S.K.: 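I'd like to ask some things about the structure below.
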Amino acid sequence: MINYRHALRASFFDVTATADTPQEIAEKVRYLEDGLLFIGEGVVRALLPWEEGRLHLRHSDEWIDLRGKLIVPGFVDTHLHYPQTEMIGAYGEQLLEWLTTYTFPVESQYSNSGHAAQMSAFFLNQLLSNGTTTALVFGTVHPESVDALFAAAAEQNMRLIAGKVMMDRNAPDYLTETAEQSYQQTRELIQRWHHHDRLGYAITPRFAPTSSPDLLEAVQRLREEFPDTWLHTHLSENPQEIEWVKTLWPEHETYLDVYDHYGLTGKRSVFAHAIHLQEAEWDCLHRSDSAVAFCPTSNLFLGSGLFRLQTCWQKKVKMGIGTDVGAGTTFNMLRTLGEAYKIGQLQSYRLCASEAFYHATLGGARALCLNQHIGNFNVGKEADFVVLDVAVTPLQKLRASRCHDIYEQLFMLMTLGDDRNIAQTWINGECAWRRDGLEEAA
Ligand code: GUN
Ligand code: ZN
């Protein structure tokens, strides 16, 4: 007997196991046009074809009717900045000027707990209304910023990883700290939040240019003291940034070598961007089992460059998709996948829909070392998922009427879709967000 709290009838799409090549993804796709998902105590109890699943219902009418909708695992956003929500779409600059002109002044506001709480609530609502159920998030240098975010995420019972920024040089005085202060504050936050409910802590040095050797030593000490925390930073995003790293750290061969020297590569280390990597850096990422976050809209918006997805596969480096709000221009993973496809096109790489949805779900979960917990509908996985309306606008409806299979539908979603296609978002086995006006029969 299946012990369940909810049973949902809909179409389902997921990838049942992690993959080391795009071909493997195709072999591991699961699509049930008419399926029944049983969930209980926050986890998946079973996903069965309707005809088989209905035999397990306690009463023949005890199911939630979502026929016509497509349910996929919740989206995993492997890199974004919650304090930058309020400055999304800032005009005209590339990375380094963008940071000094727009980013640092906005981030200064997060010493104010009230402001941080207000923006945390707004930010989480953006995640949920876009179908994102897990994210790896930058706060600001202020501990108050992450206290507010974690408190809000705990209320939603979300699986969220975040950390306070660590920064002790090359930033305005109002945002810098000493290496020792940074160590102490991070340590306290880890003790308060890491493994609190579904939350995790990421030690978050902003990037090499705003870190002194003392700061990276402090990061290294924290990693040794708390080996199951995450490490989250930026890497090789912009050519001027890379030149700057060379002048600041002349004794290191490559940008990644700066982090590697302090033991900051490894399992649960996530490097955002990783666009202009040398061969040796790819090899180091692979050898150390580190992950990278591909941030398509941000890389285009700041003119940073084209992420090399094919090389990433060839080098067997774990990868997830990041929206990188606020350099990224949307919270929406469908739109982000659409831009990833175009970045592929500019390099003659075909990003098919099943690969794209894999990266946004199980692949992202694997990049965060969370694939035992989330990313698909295997029995025992945490029940975080999105209910999609495949077509809501007149154009989408027209185009959907010409689609022949699920792959065309998914590709249409990543080309034309946005937040209007997100009907419901479920967290830990309960509906946490729903678009108004949705009719649902229990
Ligand atoms: N590199 C250092 N800080 C940042 C940031 O806030 N956004 C992006 N995109 N890159 C960075
Ligand atoms: Zn970033």
Side-chain angles (χ1 to χ4, degrees), residues 77-110 119 123 135-142 145-146 161-172 175-176 202-212 215-216 219 230-245 248-249 255-256 258-259 264 269-277 291-307 319-331 336 339 367-368:
D77 190 336
T78 58
H79 177 70
L80 79 170
H81 301 247
Y82 100 82
Q84 295 175 12
T85 305
E86 57 185 294
M87 53 157 288
I88 192 167
Y91 173 75
E93 305 296 349
Q94 293 212 347
L95 176 64
L96 299 178
E97 293 73 26
W98 175 86
L99 282 172
T100 50
T101 311
Y102 299 113
T103 315
F104 292 151
V106 165
E107 291 194 5
S108 72
Q109 301 171 83
Y110 288 75
M119 288 299 130
F123 171 81
L136 174 60
V137 189
F138 261 65
T140 65
V141 75
H142 316 97
S145 71
V146 282
I161 308 167
K164 134 193 163 58
V165 168
M166 303 173 78
M167 192 154 56
D168 74 339
R169 64 167 167 169
N170 294 322
L175 285 183
T176 48
I203 303 168
T204 310
R206 179 167 218 122
F207 66 156
T210 50
S211 309
S212 72
L215 188 97
L216 293 189
V219 174
W230 283 260
L231 184 289
H232 186 197
T233 190
H234 296 94
L235 170 69
S236 200
E237 176 177 4
N238 168 290
Q240 282 155 331
E241 170 208 14
I242 296 164
E243 284 308 307
W244 195 21
V245 170
L248 290 169
W249 302 87
Y255 191 158
L256 183 60
V258 176
Y259 299 134
L264 309 188
S269 290
V270 181
F271 297 96
H273 305 293
I275 299 170
H276 308 281
L277 297 181
V292 297
F294 171 21
C295 306
T297 72
S298 165
N299 297 166
L300 295 172
F301 184 72
L302 292 184
S304 303
L306 305 178
F307 179 78
M319 190 278 277
I321 304 283
T323 60
D324 194 26
V325 164
T329 52
T330 179
F331 280 89
T336 305
E339 298 308 291
L368 302 183

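Treat the numbers as computed from the prediction; the structure is a model and nothing was measured. Both counts, for ligands and for their atoms, begin at 1 and track the order of listing. We count residues from 1, following the sequence as given.
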S.K.: May I ask you to list the atoms of ligand 1 that are less than 4.0 angstrom from any heavy atom of W98?
M.R.: 5 (C), 6 (O), 7 (N)
S.K.: What protein heavy atom sits nearest atom 3 (N) of ligand 1, and how far away is it?
M.R.: R206 NE, 2.8 Å
S.K.: Using a distance threshold of 2.8 Å, state whether an N, O or S atom of D324 lies below it from the Zn ion (ligand 2).
M.R.: yes
S.K.: Looking at non-hydrogen atoms alone, which of H79, M167, H234, E241 comes nearest to atom 2 (C) of ligand 1?
M.R.: H234
S.K.: Enter the distance from F123:CZ to L80:CG here, rounded to the nearest 0.5 Å.
M.R.: 4.0 Å
S.K.: I'd like to know: is the Zn ion (ligand 2) within the 2.8 Å range of an N/O/S atom from C295, strictly under that distance?
M.R.: no
S.K.: Please indicate whether any nitrogen or oxygen in Q84 is less than 3.5 Å from any nitrogen or oxygen in ligand 1.
M.R.: yes
S.K.: Using non-hydrogen atoms of the residue, decide whether H273 is closer than 4.0 angstrom to ligand 1.
M.R.: yes
S.K.: With rounding to 10 degrees, what does the angle H234:NE2 / the Zn ion (ligand 2) / H81:NE2 come to?
M.R.: 100°
S.K.: Purely on distance, is any nitrogen or oxygen of E107 under 3.5 Å from one on ligand 1?
M.R.: no
S.K.: Which label fits F138 and H234: parallel for a plane angle under 30°, tilted from 30 to 60°, or perpendicular past 60°?
M.R.: tilted
S.K.: Is it true that H273 and D324 share a donor-acceptor pair across their side chains at a distance under 3.5 Å?
M.R.: yes
S.K.: Which atoms of ligand 1 are found less than 4.0 Å from any heavy atom of H81?
M.R.: 5 (C), 6 (O), 7 (N)
S.K.: Just need the protein heavy atom nearest to atom 10 (N) of ligand 1, so name the residue and atom and give the distance.
M.R.: E237 OE1, 2.7 Å
